[in-house]
**Q** 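Next up is a structure, given as structure tokens.
So that the names make sense, note that chain A is the first sequence line, chain B the second, and so on, each numbered from 1. Just so you know, these numbers come straight off a predicted model, no measurement behind them.
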Amino acid sequence: MADISRSIPCVLEELQSRKLLQDSTDTSLLAQRLASGPVSIYHGIDPTAPSLHLGNLIGVLVLRRFQLEGHRPIALVGGATGMVGDPSGRSEERNLLDADTLAANLSGIRAQLEKLLDFDNNAVLVNNYDWTRNLTLIEFLRDTGKHATVNQMVAKQSVRSRMQSDAGISYTEFTYMLMQAYDFWWLHTNHNCELQVGGSDQWGNIAAGVDLIRRRTATQVHGLTWPLLTRSDGTKFGKTAEGSVWLDPERTSSYRFHQYFMQVTDEDVGKMLLQFTMLSVSEIAELVEAHQREPQHREAQRRLAFEVTSLVHGSTQASAAESAAKILFGSPVEKVDEAALQAVAQEVPTSLLVRTPQGGFDAATGSFSLVDLLVATGLATSKGDARRGLAEGSVYVNNQRASSSAATVFSDQLLYGRYLLLRRGKRRHHLLRSH
RNA sequence: GGGUCGGUGCCCGAGUGGCCAAAGGGAACGGGCUGUAAACCCGUCGGCAUAGCCUUCGGAGGUUCAAAUCCUCCCCGGCCCA
């Protein structure tokens, strides 16, 4: 590896040291090509939702890295292929998207991409529906299908595993690979695209495109993949118990987004800094070293969370998430000023504190039942769960542990007369607010 | 279509008339830790409630003092035969 890296120019070397290089077509050829001038490079994104998620972020950031080196990124949103469905990594036939959903998804994704890639400079956003829409079957079979053998296609792991499953694979999904190959060919022909990048599950599809272009135009283009992310605990990357981590703040608030990275385990933090931030490799090495010396400061996680949140939501949001976390995870809530509390309200689930029996209010004593408040805020799933929580000491009022014997909250405990910060366990917060 | 085995709590899975809110494992959650980490230890894990009560074992009926367990019909899945 060491002897190769000497001949690899900047970007490839960079990707390699960031653990973002899994497979590629002939490395030395690709290296030569990248060294000789700007290359157009494409990465495809499935528009299955109106927002990107963390899984997509890697790819977009790879494009960004290329763009920073002077290359030209082409972000392809798969309007057409989204209607077909990629069998890669899927055990079941996929639901196809209808035109309206697709249009909505495309516009959502476009907005997010604009923050990460510089379209005013030379980045391009394309939708493969534009050139697939008018493609006739005959044309496709003659110019594309002709160059692919079924033997080869069937040999692909993604296809084979599905053929062996009970559900099978539809002809439609089977053809996906060729559509993606066609995209590469089209971009090669019309945008002079010479490199396709993707996650390692895309390798088969990328290779199919490289083959197609060689057969049709007798030119050598390139492909490159990064390893699919796994976390050391084996859980799927970018997923929480609640589901995917989205870039859309409506789906995953910037605070939660920030928290996702704050809570990354020590084992993964170095790799994630490399793959998700634009910090230099050497700076990351220093950070990781410092972190290993004093892991309790969580400097690496803090930096990771801030950097990624800044990239996606902007540094203002990142700072807001950071200071909210400082309050929520610090101890003496009484010292927090009201403005900060209001800021926190933007970040964590908040609801209205109402002085009614349903809201857990006892007019006779002017106090609230903590059990009822916990249920009302969703911090407990039932009264039994709430009592259990109190018994095991997992309930905190204004960051102070509450006990079963003192399960009432009096009005004078409200901060600034109107805020009440509830917490269940270490990291589930809820802010109650009255008028 | 015939045969056969099965459908149990978030998941896997024991239980085949009362001792069953239902073993065990996993996940999850909480506590102890420390660091919003991991590992580990402990605990919780249907609901309401002071003992106790109520609602659950694919669905609907039935037998019985008593059913997840027995009977009838229906729905769904695996396997074998056609």
**Q** Under the salt bridge (charged side-chain N to carboxylate O under 4.0 Å, His left out) rule, collect the residues that match up with Arg418(A), sequence neighbours excluded.
**A**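 Counting only residues at least two positions away or on another chain, Arg418(A) forms a salt bridge (charged side-chain N to carboxylate O under 4.0 Å, His left out) with Glu338(A).
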
**Q** State plainly whether the residues Arg303(A) and Glu299(A) are in salt-bridge range, i.e. N to O under 4.0 Å.
**A** no

**Q** Between Glu322(A) and Lys326(A), does at least one N-O distance fall below 4.0 Å, as a salt bridge requires?
**A** no

**Q** Side chain of Arg401(A), heavy atoms from C-beta onward: which of rG35(B), rA38(B), rG32(B) has the nearest atom to it?
**A** rG32(B)

**Q** When you check the phosphate oxygens OP1 and OP2 of rG31(B), does a side-chain N or O of Tyr396(A) lie under 4.0 Å from one of them?
**A** yes

**Q** Which pair of heavy atoms, one from Arg110(A) and one from Leu125(A), lies closest together, and at what distance?
**A**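 Shortest heavy-atom contact: NE-CD2, 3.0 Å.
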
**Q** Closer than 4.0 Å, any side-chain N/O of Lys426(A) to the OP1 or OP2 of rA37(B)?
**A**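 Indeed, a polar side-chain atom of Lys426(A) lies that close.
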
**Q** Do Ser319(A) and Thr309(A) come within less than 4.5 Å of each other through their side chains, counting heavy atoms only?
**A** no

**Q** Quick one: Arg427(A) CZ to rC29(B) P, roughly how many Å, whole number?
**A** 8 Å

**Q** Only pairs with both distances under 3.5 Å count, Watson-Crick or wobble alike; so what is the partner of rC73(B) in this structure?
**A** rG59(B)

**Q** For Arg388(A), is there an ion pair with Asp385(A) - N to carboxylate O distance below 4.0 angstrom?
**A**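 Salt bridge: yes.
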
**Q** Expressed in angstrom and rounded to an integer, what is the separation of Glu294(A) atom CD from rG35(B) atom P?
**A** 12 Å

**Q** Tell me: NZ of Lys326(A) to C1' of rG35(B), nearest whole Å?
**A** 16 Å

**Q** Could you give the CG-to-C1' distance, from Leu390(A) to rC29(B), as a whole number of Å?
**A**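 Going from CG in Leu390(A) over to C1' in rC29(B) covers 15 Å.
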
**Q** Write down the distance separating the P atoms in rC20(B) and rA68(B), rounded off to the nearest Å.
**A**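 Comparing P positions in rC20(B) and rA68(B) gives a spacing of 13 Å.
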
**Q** Please compare Arg424(A) and Ala325(A) by the position of their nearest nucleotide in RNA chain B and report the one closer to 5'.
**A**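 Here Arg424(A) is the residue nearer the 5' end.
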
**Q** What does the B/S/- profile of nucleotides 44-50 of chain B look like, 5' to 3', with a 4.0 Å heavy-atom cutoff to protein?
**A** SS-SSS-

**Q** Do Val60(A) and Ile45(A) come within less than 4.5 Å of each other through their side chains, counting heavy atoms only?
**A**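 Yes, their side chains come closer than 4.5 Å.
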
**Q** Please report the distance, rounded to the nearest Å, between CG in Leu304(A) and C1' in rU36(B).
**A**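 My rounded result for the distance is 14 Å.
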
